[in-house]
Number of protein chains: 2
Amino acid sequence: MTKQEIGEKLRQRRKLLRLRQRDLAELAGVTLRGLTDLERGEANPTVNQLAKILDVLGLEFRVVERSAHAPS
Amino acid sequence: MTKQEIGEKLRQRRKLLRLRQRDLAELAGVTLRGLTDLERGEANPTVNQLAKILDVLGLEFRVVERSAHAPS
DNA sequence: GTGAAAAACGCATTATGATGCGCTTTTCTG
DNA sequence: CAGAAAAGCGCATCATAATGCGTTTTTCAC
């Protein structure tokens, strides 16, 4: 996944949960600034930073074989 | 996945490919220091840093639902 | 067991990610 | 359309990830 794809996935998930960036940022313990940059794919976050946000969204990241395809 | 799990996965994959840390680090364009820390799970790498290494190893990371279980 | 290769790590430095603040732009809602 | 809410973003600062170098420890082949 590219950073853009990650950002888009986070955004979709956030909207699904009807959260504003501000609220998600607060729940995750990151700044609004950091979150907006991340959602737009214009950031190179640390694993911790990303994990904090994924955690609130009920998501996680996983290392897999490159050729493996995503489930529907 | 925790950082320890990620590190262990990278290490296993590297060994499978019969690479030394030094060689993998060079191929990935990171320092030996950064790689050793990462494999031991004692690092909080950026997504870019992690991606560079995963790329050489034929791996990638993906954002998924937290409850989804890993394939065998 | 000995020696060499590989990996771990302490410490200082450099590069860059995260934050803070405020202003601008975009997106909703009525 | 008008106003408000949400999101985007420029810039300076702070925090910390990445590097560089040398030394120590562990691993492995003989």
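Throughout, protein chains are lettered first and strands after them, A, B, ... in sequence-line order, and every chain is numbered starting at 1.
- Distances from the side chain of A:Thr31 to the nucleotides D:dG8, C:dT19, D:dT19 place C:dT19 closest.
- The distance between atom CG of A:Asp37 and atom P of D:dA6, rounded to the nearest whole Å, is 19 Å.
- Across the protein-nucleic acid pair, A:Glu42 atom CD and D:dG10 atom P stand 9 Å apart, rounded to whole Å.
- The phosphate of D:dT26 (OP1 or OP2) has no side-chain N or O of B:Arg40 nearer than 4.0 angstrom.
- Proximity of B:Arg20 to the phosphate of C:dA8: no side-chain N or O atom is located under 4.0 Å from OP1 or OP2.
- Between B:Arg14 atom CZ and D:dT27 atom P there is a gap of 13 Å when expressed in whole angstrom units.
- Atom CD of A:Glu39 and atom P of D:dA6 are 14 Å apart (whole Å).
- In summary, B:Glu42 and B:Lys3 do not engage in a salt bridge, as defined by a charged side-chain N under 4.0 Å from a carboxylate O.
- Closest heavy-atom contact between B:Glu65 and A:Arg13: OE2-NH1, 3.0 Å.
- When each of B:Gln21 and A:Val30 is assigned the nucleotide of DNA chain C with its nearest heavy atom, B:Gln21 is the one assigned upstream, toward the 5' end.
- At D:dG20, none of the side-chain N or O atoms of B:Arg33 fall inside 4.0 Å of OP1 or OP2 (strictly under the cut-off).
- For the pair B:Arg11 and B:Arg14, the minimum side-chain heavy-atom distance is below 4.5 Å.
- Atoms CD1 (B:Ile53) and P (D:dA17) sit 15 Å apart, rounded to a whole Å.
- When the P atom of D:dT16 is taken as reference, atom CG of A:Asn48 falls 11 Å away, rounded to whole Å.
- Considering only side-chain N and O atoms, B:Thr46 lies under 4.0 angstrom from the phosphate OP1 or OP2 of D:dA18.
- A pairwise comparison of heavy atoms in B:Val56 and B:Ala28 identifies CG2-CA, 3.7 Å as the closest pair.
- OP1 or OP2 of C:dT19 lies within a sub-4.0 Å distance of a side-chain N or O belonging to A:Gln49.
- Within 6.0 Å of the CD atom in A:Gln21, the count of heavy atoms belonging to other residues, nucleotides or ligands exceeds 12.
- Residue A:Arg22 places no side-chain N or O under 4.0 Å from the OP1 or OP2 atom of D:dG8.
- In this structure, B:Leu35 places its CG atom 17 Å from P of D:dA17, rounding to the nearest Å.
- Regarding A:Leu50, its CG atom lies at a distance of 18 Å from the P atom of D:dT16, rounded to whole Å.
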